Every structure is written in structure tokens, then in C-alpha cells.
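Please read the structure below before turning to the comments.
We count residues from 1, following the sequence as given. This is a predicted model, so every value here is computed, not measured.
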Amino acid sequence: EHLGGVIDLPDPVRREILLETMSRILHGTSVEEVASQLCIHKQTIRYRQSVIEKLLGQDSLKGENAVNLSIALRLYEMQQKVHGEFPVNL
């Protein structure tokens, strides 16, 4: 339910890129740090953040919504490992 807009994307590479970006943002990392970690420009992170918010709803990465999203993301990652579906390497 919380990840629906992202995990329903038909392109698995795009889906995993957005999930990885979302995970790093939810861990309280700044845009600059996420960009550095992923070796991409900070504007790209801002763009991805806007795409995530369009897919999941405005403010989905803030407050209580972020907590719910973080839990849902962790459960999704665990499910992928159990079923042998590992994320695409970025």
C-alpha cells in the first residue's frame, strides 16, 4: 500500500533506482550526502525525490508518512530476499 506507486513501475531498473534513493533519503541523509553516496548530481536526487512524491503522494518522505514508508520499504526488501529477487545494482 505505502510503496504501491513505486513498486508497480513496469521498469525494474527505474523501480530499484527510486527505491534505493528513497531508502537513503528516509535514513535522514541530506540530498548532498545521498548524491555523494550514489555518485550523482544533487539535482538528480531532487528530481528523483519529486518523482517519488508524485507516485506516493506529497509529503510521503516526511513525518509519520516517512516512518510508515521506511517500515514498508524494509518489509519489501526482506520479501525480495526471501523470494530470491535481489535489487538491481545501481
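Atom CD of Gln80 sits about 6.5 Å away from atom CD of Glu16, to the nearest 0.5 Å. Taking CD1 of Ile40 as the reference point, atom CD1 of Ile45 lies at 3.5 Å (rounded to 0.5 Å). Atom-to-atom distance recorded for Leu9:CG and Leu18:CG is 6.5 Å, nearest 0.5 angstrom. Summarising the geometry, atom CD belonging to Gln58 is positioned 9.5 Å from atom OG belonging to Ser50; distances are rounded to the nearest 0.5 Å. Between atom CD of residue Glu33 and atom NE2 of residue His27 there is a gap of 13.0 Å, rounded to the nearest 0.5 Å. Rounding to the nearest 0.5 Å places CD of Glu20 at 9.0 Å from CG of Leu73.
Here the shortest heavy-atom pairing between Glu77 and Ser23 reads OE2-OG, 4.2 Å. In terms of heavy atoms, Asp11 sits closest to Val13 at OD1-N, 3.1 Å. Between Ala72 and His2, the shortest heavy-atom distance links the atoms CB-CB, 3.8 Å. Scanning all heavy atoms of the two residues, the minimum distance from Val6 to Arg15 falls at O-CG, 3.4 Å. A pairwise comparison of heavy atoms in Ser60 and Ile52 identifies OG-O, 4.3 Å as the closest pair. When all heavy atoms are compared, the tightest approach of Val34 to Ile25 is CG2-N, 4.2 Å.
Residues Val67 and Leu3 are members of separate hydrophobic clusters, defined by side-chain heavy-atom contacts under 4.5 angstrom among Ile, Leu, Val, Met, Phe, Trp and Tyr.
At a threshold of 4.0 Å, the pair Arg24-Glu32 does not count as salt-bridged, since none of the basic side-chain nitrogens sits closer than that to a carboxylate oxygen.
Inter-residue side-chain proximity for Ile71 and Arg74 is flagged as unmet; no heavy-atom pair is nearer than 4.5 Å. Using a 4.5 Å heavy-atom cutoff, the side chains of Ile7 and Leu19 are in contact. Residues Leu55 and Val51 have side chains in contact (heavy-atom distance under 4.5 Å, counting atoms from C-beta outward).
In terms of modelled atom types and a separation under 3.5 Å, the side chain of Thr21 and the main chain of Ile17 share a donor-acceptor contact.
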